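Written out below as structure tokens is the structure these notes cover.
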Amino acid sequence: MIVTRTPREIWSMPLIMAMVSALGLTSALLGDDVWDCLSWLALAAPLAVIGWHLSHPPHH
Amino acid sequence: MSIVPNGLRFWYVLHKWTSLICTLFLLLLCLTGLPLVFHEELAVMLGDLVEPPVRVEPKPVDLDRVIADALARRPADQVKFLMLDLDHPIWQVTMGAHVAAQANSAAFLYDPRSGEFIHHRPVNQGLMNVLLKLHVDLLAGLPGTLFLGAMGALFVLSVVSGVVVYGPFMRRLPFGTVRWDGSRRLTWLDLHNLLGIVTVAWAVTVGATGVINTLARPLLAIWQKTELAEMTHAWRSRPPLTSIASVDRAAHTARQAEPNLEIRIIAMPGTPFAGNHHFAFFMRGNTPLTERLLRPVLVDATTLELTASRDMPWYLRLLLVSQPLHFGDYGGMPLKILWAILDLITIAVLMSGLYLWWKKREDPLANEIEQAWSR
């Protein structure tokens with residue numbers, strides 16, 4: 001059966017990724033130490049999402 | 001989605017053509033940019049840069065003696081700039097055949113804690129220099145830089161239009177689906193969508209800040225013609241200086257004028273950044289953000305009196321803030337590594353995009369894209 005996804009379903013993850021990335025890009029500008037760590041974690045999130053989806057192919 | 005098919009067609013054509021025009025140049029930028037993320041570490045490895053000694057017997061440093069030492073090493077040249085490194089205790093003294101010469105003839109490194117000479121840094125030579133020039137101007141000077149800026153702007157447009165066409169593709173697929181068991185084209189389409197959509201914010205940021213960086217020279221020229229000319233207006237008809245006062249005492253004036261800031265760059269009289277009768281001290285703050293923002297403080301090179309101290313205009317602040325966001329050099333080694341991985345992912349998005357366009361040309365019947373639009 002073909003399921004059509006709602007805009008919310010389509011855009012929620014891209015939006016979260018964009019916001020987390022933006023946080024990562026700015027936090028290391030605002031401070032050192034904790035702010036740097038926050039930046040590393042936030043910018044690593046998109047990479048983790050890619051890794052997860054590459055290692056979990058869909059089942060038919 | 002409320003986008004009508006005609007509107008979508010516009011975005012798809014925009015995505016296709018902006019991508020096609022800029023992809024080869026973007027690939028070059030991503031490939032040359034990858035080692036440039038680690039340019040400092042590579043420069044140390046290649047022997048162009050050295051780590052300053054960890055423990056130094058601190059003594060008061062006389063900047064005039066640092067300049068005299070540099071001049072003694074290259075008596076035919078003149079000192080243009082003194083620049084204090086942000087991350088290491090290093091004063092870099094940059095020389096030119098003439099103080100107003102654009103090309104650098106030599107760079108000498110000194111320890112700001114002792115004034116001792118550390119290293120002679122090679123200029124305009126080596127593989128890293130070629131990579132940097134390719135990345136900055138395609139070895140074609142300012143026209144090359146502006147051309148790359150235009151390619152960067154097309155890249156930003158391509159990413160934005162790519163986001164718009166992403167939606168309709170995903171109407172029947174869960175987020176992040178990669179179909180490994182279909183055609184190769186389908187797999188690459190899914191990878192293009194996943195890698196692209198997840199790294200959008202980074203790609204737009206690095207792309208847009210890169211475009212702003214290509215405008216550095218025109219923006220600095222505007223500042224020189226307006227603000228710097230205004231600050232030095234009363235000096236404009238005076239004869240050129242035959243001798244200049246002590247830079248060390250001028251630095252004292254600048255520090256007294258801005259006690260909360262630190263000197264980052266000193267432009268010598270005669271350089272386009274200082275005018276003919278002043279020292280220009282570009283002073284920085286102490287937080288990761290304000291250490292990138294510079295405040296010009298002008299000191300008369302004869303009387304050592306303070307001439308002006310004012311904020312940078314908005315367009316130079318924008319330029320200065322866009323530099324770390326393009327280089328990725330503001331959060332230590334982990335941020336540089338993330339920058340490199342995201343750069344590699346961008347290369348994968350560019351290559352897969354090129355592949356998808358090529359395959360579609362070969363086999364118009366297998367046009368997944370058109371299918372994805374039709375409801």
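For clarity, every value in this text was computed on a predicted model and none was experimentally measured. Below, chain A is the first sequence line, B the second, and so on; all start at residue 1.
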Atom CH2 of residue position A:W40 - does it have more than 12 heavy atoms of other residues, nucleotides or ligands inside 6.0 Å?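 Yes - once you tally the heavy atoms of other residues, nucleotides and ligands closer than 6.0 Å, there are more than 12.
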Measure from the ring center of A:W11 to the ring center of B:Y166 and say whether it is less than 6.0 Å.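 A:W11 vs B:Y166: aromatic centres under 6.0 Å.
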If you count heavy-atom pairs under 4.5 Å with chain A, which of B:T199, B:V178, B:T177, B:V321 comes out on top?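 Top option by heavy-atom pairs under 4.5 Å: B:V178.
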Measure [X] against the heavy atoms of chain A and call it side chain, backbone, both or neither at under 4.5 Å.
{"X": "B:V200", "answer": "neither"}
{"X": "B:W202", "answer": "both"}
{"X": "B:V163", "answer": "both"}
{"X": "B:P324", "answer": "side chain"}
{"X": "B:L289", "answer": "both"}
{"X": "B:L325", "answer": "side chain"}
{"X": "B:L191", "answer": "side chain"}

If you measure from CE on B:M351 to CG on B:L356, what distance do you get to the nearest 0.5 Å?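 That separation rounds to 12.0 Å.
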Can you measure from CG (A:L43) to CG (A:L25) and round to the nearest 0.5 angstrom?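 Going from the CG atom of A:L43 to the CG atom of A:L25 covers 5.0 Å.
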Verify whether one side chain among B:S322 and B:T209 offers a donor that lies under 3.5 Å from an acceptor in the other.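 No, no side-chain donor-acceptor contact under 3.5 Å.
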Could you check which of A:M13, A:M17, A:M19, A:H53 has the highest count of heavy-atom pairs closer than 4.5 Å to chain B?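 Option with the greatest count: A:H53.
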If you look at every heavy atom in B:L148 and B:H135, which pair is closest and at what distance?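 Shortest heavy-atom contact: CD1-O, 3.3 Å.
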Backbone N or O of B:M312 within a donor-acceptor pair of the B:R317 side chain at under 3.5 Å?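 Checked: pair present.
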Is chain B contacted by the side chain of A:I16, its backbone, both, or neither, given a heavy-atom distance below 4.5 Å?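 A:I16 has no heavy atom closer than 4.5 Å to chain B.
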